[in-house]
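In the text below, chain A, chain B and the rest are named by the order of the sequence lines, each starting its count at 1.
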Protein chains: 2
Amino acid sequence: MRILVVEDDADLNRQLATALEEAGYVVDSAADGEEGHFLGDTEPYDAVVLDLGLPKLDGLSVLENWRRDGRTMPVLILTARDRWSDKVAGIDAGADDYVAKPFHMEEVLARVRALVRRAAGHASNDLTCGDVRLDLRAGRVTVAGAPIKLTSHEYRLLSYLLHHQGKVISRTELTEHLYDQDFDRDSNTVEVFVGRLRKKIGSDMIETIRGLGYRLGASVDQ
Amino acid sequence: MRILVVEDDADLNRQLATALEEAGYVVDSAADGEEGHFLGDTEPYDAVVLDLGLPKLDGLSVLENWRRDGRTMPVLILTARDRWSDKVAGIDAGADDYVAKPFHMEEVLARVRALVRRAAGHASNDLTCGDVRLDLRAGRVTVAGAPIKLTSHEYRLLSYLLHHQGKVISRTELTEHLYDQDFDRDSNTVEVFVGRLRKKIGSDMIETIRGLGYRLGASVDQ
DNA sequence: TCCCGCGTGTCACGTTCATGTCGCGTTCAG
DNA sequence: CTGAACGCGACATGAACGTGACACGCGGGA
């Protein structure tokens with residue numbers, strides 16, 4: 001999962017990025033409205049954390065522009081506690097959720113989890129497929145009840161596949177969502193990680209669609 | 001289905017081609033207006049993705065020429081966000097849809113799907129014929145509810161037949177729409193793939209019209 | 001500071017599998 | 001009956017994919 005953080009306070013931006021990365025997301029940061037708007041328009045994010053008070057282009061305008069252009073990724077807005085009117089305007093502009101500043105990092109993490117979940121059409125914090133169960137909150141994975149240890153990249157890969165189970169995910173889509181902007185796209189890294197993940201969760205979970213990509217679950221037979 | 005991409009930015013052109021190919025289309029690329037115009041005039045495309053800012057011959061002129069020559073294939077125009085006037089001019093010139101740059105690949109794919117669908121006279125993203133059902137979005141095929149595995153060429157063949165069910169499709173038409181420019185037209189590849197497809201979806205689905213080609217569905221007889 | 005373990009990305013090599021071609025048998029029209 | 005069109009099993013080939021090994025960087029601990 002790849003998250004965009006748009007926040008002009010450098011300290012807060014870094015804190016958010018660190019916390020999200022520790023939670024297993026890939027994070028891109030933007031320091032002002034223009035940069036944030038551009039990134040959200042060109043890169044495929046699974047969620048956005050958007051401050052409202054931004055230089056160059058304020059958060060509400062950024063959000064409105066995105067929605068007008070048909071960008072539907074979930075957006076979590078950071079707003080000062082007393083700016084009730086901002087909250088109302090945010091709803092109108094198409095925000096999906098709010099956190100009032102100052103906030104507890106835990107709360108932001110929980111809401112981001114919920115947004116990503118809902119965007120993929122899941123209701124619970126536990127994603128399952130067959131014997132595999134992933135607890136988004138604790139960041140733990142079990143196979144048939146037994147906990148297994150995943151590295152951070154393996155966890156991201158599994159999480160993305162579980163969020164989109166049943167769909168065919170191409171190698172390019174995986175690299176776009178598992179790595180940040182600049183990454184060499186010509187390598188077999190993805191295949192290697194799919195192999196490592198298969199070794200840990202059982203090789204029959206992830207199906208290879210030759211020439212297209214991979215698919216988890218919904219392999220009713222064959 | 002065969003798509004023409006006319007876009008001078010080599011990077012973007014490649015990205016579009018890759019994404020479309022992953023979605024199961026055959027893609028030809030053109031880097032300037034003249035090349036695009038020539039290809040669109042001489043090859044039978046099921047849809048065109050056309051940038052407006054092109055060297056040698058701009059996109060609007062290309063489109064106008066095609067329409068004047070009676071080419072009716074659906075055209076999706078890529079336009080810069082702020083060039084509202086281009087959009088209006090595009091409508092007048094006979095474009096079928098628009099996407100503002102920068103765009104998300106998902107959006108382009110969805111619109112191309114819709115264009116190809118509409119051109120063939122279908123409203124839904126599910127194409128069915130008898131027990132056979134093809135989900136254009138997920139790229140999945142079921143026979144009597146049971147999912148079956150198709151290779152990419154088999155999928156393209158079935159997709160084309162379903163889009164034109166009831167009509168007799170000649171071998172040359174199939175090779176022209178299932179392969180790109182340079183392909184040896186003197187072989188029995190099509191027959192082989194029809195055979196393979198028949199084996200998977202039931203041999204009574206595809207009817208052979210001796211001397212003319214194949215027909216799917218509407219087999220009321222003669 | 002040095003060493004060690006670990007996660008990661010790259011490479012080389014082996015394997016699988018989709019594809020196109022060939023050859024022969026079968027069907028069909030005249 | 002004859003030839004052309006088509007069906008089908010089989011095979012070669014090359015690309016896509018899987019896998020083990022290794023090098024590098026980084027962080028922790030002695």
Problem set entry | Base-contact (B) and sugar-phosphate-only (S) positions in nucleotides 7-15 of chain C, heavy-atom cut-off under 4.0 Å, - elsewhere | SBBBBB---
For this session: Could you tell me whether the phosphate oxygens of D:dG18, OP1 or OP2, come under 4.0 Å of any side-chain nitrogen or oxygen in A:Lys199?
Result: no
Exercise. Mind checking whether A:His122 and A:His163 have parallel, tilted or perpendicular rings, split at 30° and 60°?
Worked result: perpendicular
For this session: Let me know the distance between CD1 of A:Ile209 and P of D:dC17, rounded to the nearest Å.
Result: 10 Å
Problem set entry | Interatomic distance where CZ belongs to A:Arg198 and P belongs to D:dG20 [whole Å] | 13 Å
Exercise. B:Asp204 CG to D:dG7 C1': how many Å, rounded?
Worked result: 16 Å
Exercise. Does a donor on one side chain sit under 3.5 Å from an acceptor on the other, for B:Tyr25 and B:Asp46?
Worked result: no
For this session: With heavy atoms under 4.0 Å as the rule, sort B:Tyr155 into base, sugar-phosphate or nothing.
Result: nothing
Exercise. Can you tell me how far P of D:dA16 sits from CD of A:Glu191, to the nearest Å?
Worked result: 10 Å
For this session: In whole angstrom, give the distance that lies between atom CG of B:Leu212 and atom P of C:dA29.
Result: 12 Å
Problem set entry | Gap between atoms NZ and C1', on B:Lys200 and C:dT19 respectively (whole Å) | 12 Å
For this session: Go through the side-chain N and O atoms of B:Arg198 and B:Thr208 and say whether any donor and acceptor fall under 3.5 Å apart.
Result: yes
Problem set entry | Distance in angstrom units between B:Leu197 CG and D:dC8 C1', rounded | 15 Å
For this session: Output the distance between atom OG (B:Ser124) and atom CG (B:Leu136), rounded to the nearest 0.5 Å.
Result: 7.5 Å
Exercise. Would you call B:Arg196 and B:Glu154 a salt bridge, using N to O less than 4.0 angstrom?
Worked result: no
Seminar exercise, completed: Tested for side chain to side chain contact (heavy atoms under 4.5 Å, CB included) against B:Glu43, the lone hit among B:His177, B:Arg2, B:Met73 is B:Arg2
